[in-house]
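Scroll down for the structure; my scribbles are underneath it.
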Amino acid sequence: MTSVQTLTLRYPDDWHLHLRDGDALPAVVPHTAQRFARAIVMPNLKPPVTTTEQALAYRSRILAAVPHGAAFTPLMTLYLTDDTTADEIRRARDSGIVYGVKLYPAGATTHSDAGVTHVRHAYAALEAMQQAGLPLLVHGEATDPDVDVFDRETVFIERTLAPLMKDFPGLKIVLEHITTADAAAFVREGGELLGATVTPQHILMNRNALFQGGIRPHHYCLPVLKRERHRQAIMDVLAEGHARFFLGTDSAPHPRGAKESACGCAGIYSAHAALELYAEAFEAAGALQHLEAFASLNGPRFYGLPENEGTLTLVRDPWEVPQAYPLGGDTVVPLRAGTHIAWRLK
Ligand code: NCD
Ligand code: ZN
C-alpha cells in the first residue's frame, strides 16, 4: 500500500493560542503566521486582557510582529473576572475585534489568579454574552484542592459546566483543550452551541509521556495528559469527523528555565510544527480525510466566520525539530525537540 505524499487543505486556523507579549511576540508569531490565517489569542497576560481597550492595544502589538508578506489576523479575547460588567461585554461585541471571552477558574492554570472565583460572580457578564452572541471559552478544570488532578476536567463538567449551560441555554461555549473521554462524550452529545478544541499533545501522547525515563517537564501542560483510553476516545471522535471539534493548539511558550525547574510551569510549545503534528496524529488514526474539516472548516462554522481563501500544502519529508528556539532573550524548548516529524510545510 502506498501512503499519501502530500496533503492540501483549505488554509487553517488555530482556535486556541498563547502568544505572550513584548519580545516574545517576534519569536512566536511567525511560527503561527506561517501555518494559520487566524488564531484565537488567549488573554492570560500579566496583567490579563480584561477590557476591549487592552485587547485593541495587544492586537496592534501582535500585528507589528507579523512577518512582512504574511497575512495573519489575531482574533482577540477578553479575560473574564468576577468584575467584568455587561457594558464591557457590549463594548467588546461592538469593537468587532473580540471573538470570545475566556473563563479561567481562579487558580486553575498559568496566569489564572485573576480568574473567576465562582461562576455566579460572572452571571451579569454571561447574560450579556448570551445576548451579544459572544462565545464563552472555557478552561474546564475544577480548582477544589480535594479533587484529584486527573479528575479535574470531569468534575468541572459535572459541577460547573452542566449547570451553567442550563442557566444560559443560548450561550455559545467552547470547552477548550479537552483531555478526557468524558469531555469528548459531553461535547459530542451536546447541542449546536457547544464545541471543543483539541491540542496536538492530547492526541499524540498519554500520561506516560510525563515520566518517560524520568520526569519530563516539557510534556507538562494543563489540563495534564491523561490515560491512553482518554487519548483514544478523543481521537475516535475526531476520526468520525465530528463537526463541533476543531483545532486549538494551546501552544504556550515558557522560557526553558521556567519549565526545567523545581516547580515547572504548565504549557507546551507547538506553534513551530502545529499542523504537521496534527497530520501525524490523524494519519496514525487512519483519519487523514478528516484533517481539513478539523483544521479549516469546523472552527469558522462554529464561530460564524467565513472559511479562509487559499490552501496550504504539507509534504511527507521528515525533518528534525531544533533543540530550542529563541524566545526574547531566552529560549523555548518545542514539542518533539531533537526528534523527527514526518510532515513538512511546502
Ligand atoms: C497555558 C499557558 O501557559 O498560558 N498553559 C497550559 O498548560 N495550557 C494556560 C492554559 O491554557 O491553561
Ligand atoms: Zn491555553
Side-chain angles (χ1 to χ4, degrees), residues 16 18 42-44 46 48 79-84 101-123 125-126 136-168 171 173-190 194 196-199 201-202 205-212 214-234 248 250 252 254 258-259 261-268:
H16 184 133
H18 300 271
M42 290 298 163
N44 63 331
K46 284 218 114 150
Y79 185 114
L80 189 65
T81 73
D82 288 356
D83 304 317
T84 306
V101 179
K102 181 73 184 281
L103 165 61
Y104 289 103
T109 186
T110 303
H111 302 167
S112 65
D113 26 290
V116 171
T117 59
H118 191 287
V119 280
R120 70 174 164 266
H121 299 305
Y123 265 38
L126 292 170
L136 177 69
L137 317 181
V138 180
H139 183 109
E141 287 196 284
T143 50
D144 180 340
D146 294 341
V147 177
D148 187 278
V149 65
F150 292 100
D151 298 334
R152 285 182 189 170
E153 187 172 87
T154 303
V155 170
F156 180 89
I157 291 170
E158 287 163 15
R159 289 189 194 165
T160 306
L161 184 57
L164 187 136
M165 288 168 60
K166 282 214 176 69
D167 288 348
F168 298 98
L171 182 62
I173 299 177
V174 182
L175 187 52
E176 300 288 344
H177 43 51
I178 61 164
T179 64
T180 57
D182 313 81
F186 187 79
V187 173
R188 190 169 179 268
E189 284 144 32
L194 181 64
T197 55
V198 178
T199 77
Q201 61 264 27
H202 291 107
M205 299 188 286
N206 63 41
R207 66 191 195 177
N208 284 351
L210 286 163
F211 308 107
Q212 221 169 37
I215 194 152
R216 298 296 193 112
H218 298 293
H219 290 164
Y220 175 55
C221 66
L222 286 171
V224 72
L225 296 172
K226 302 295 192 301
R227 286 181 178 277
E228 173 59 14
R229 82 172 174 86
H230 293 292
R231 188 201 66 79
Q232 187 66 58
I234 295 166
D250 196 20
H254 290 273
K259 297 280 298 171
S261 153
C263 188
C265 292
I268 294 179

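Side-chain atoms of Asp82 come within 3.5 Å of backbone N or O of Thr117 as a donor-acceptor pair. Formation of a donor-acceptor pair under 3.5 Å by the Lys259 side chain with backbone atoms of Pro217 is found in this model. One N or O on the side chain of Thr84 and one on the backbone of Thr81 form a donor-acceptor pair closer than 3.5 Å. Judged by distance alone, the side chain of Asn44 and the main-chain N or O of Thr110 form a donor-acceptor pair under 3.5 Å. No side-chain donor-acceptor contact under 3.5 Å links Arg207 to the backbone of Val224.
Neither side chain, Thr180 nor Lys226, offers a donor N or O lying under 3.5 Å from an acceptor on the other. When only modelled atom types and interatomic distance are considered, Thr199 and Asp250 share no side-chain donor-acceptor pair under 3.5 Å.
Note that OG1 of Thr160 and CZ of Arg120 are 11.0 Å apart. Values are rounded to the nearest 0.5 Å. We find the CG-CZ distance between Leu164 and Phe156 to be 7.5 Å, quoted to the nearest 0.5 Å. Separation of atoms CG (Asp151) and CG (Asp146) is listed at 12.0 Å; rounding is to 0.5 Å. The distance from the CZ atom of Arg159 to the CG atom of Leu161 is 14.0 Å, given to the nearest 0.5 Å.
Screening His177, His16, His111 against His139 for a ring-ring contact (aromatic ring centres under 6.0 Å, His included) leaves a single residue, His177.
Outside the 6.0 Å centre-distance limit, the rings of His202 and His230 are not counted as a close aromatic pair.
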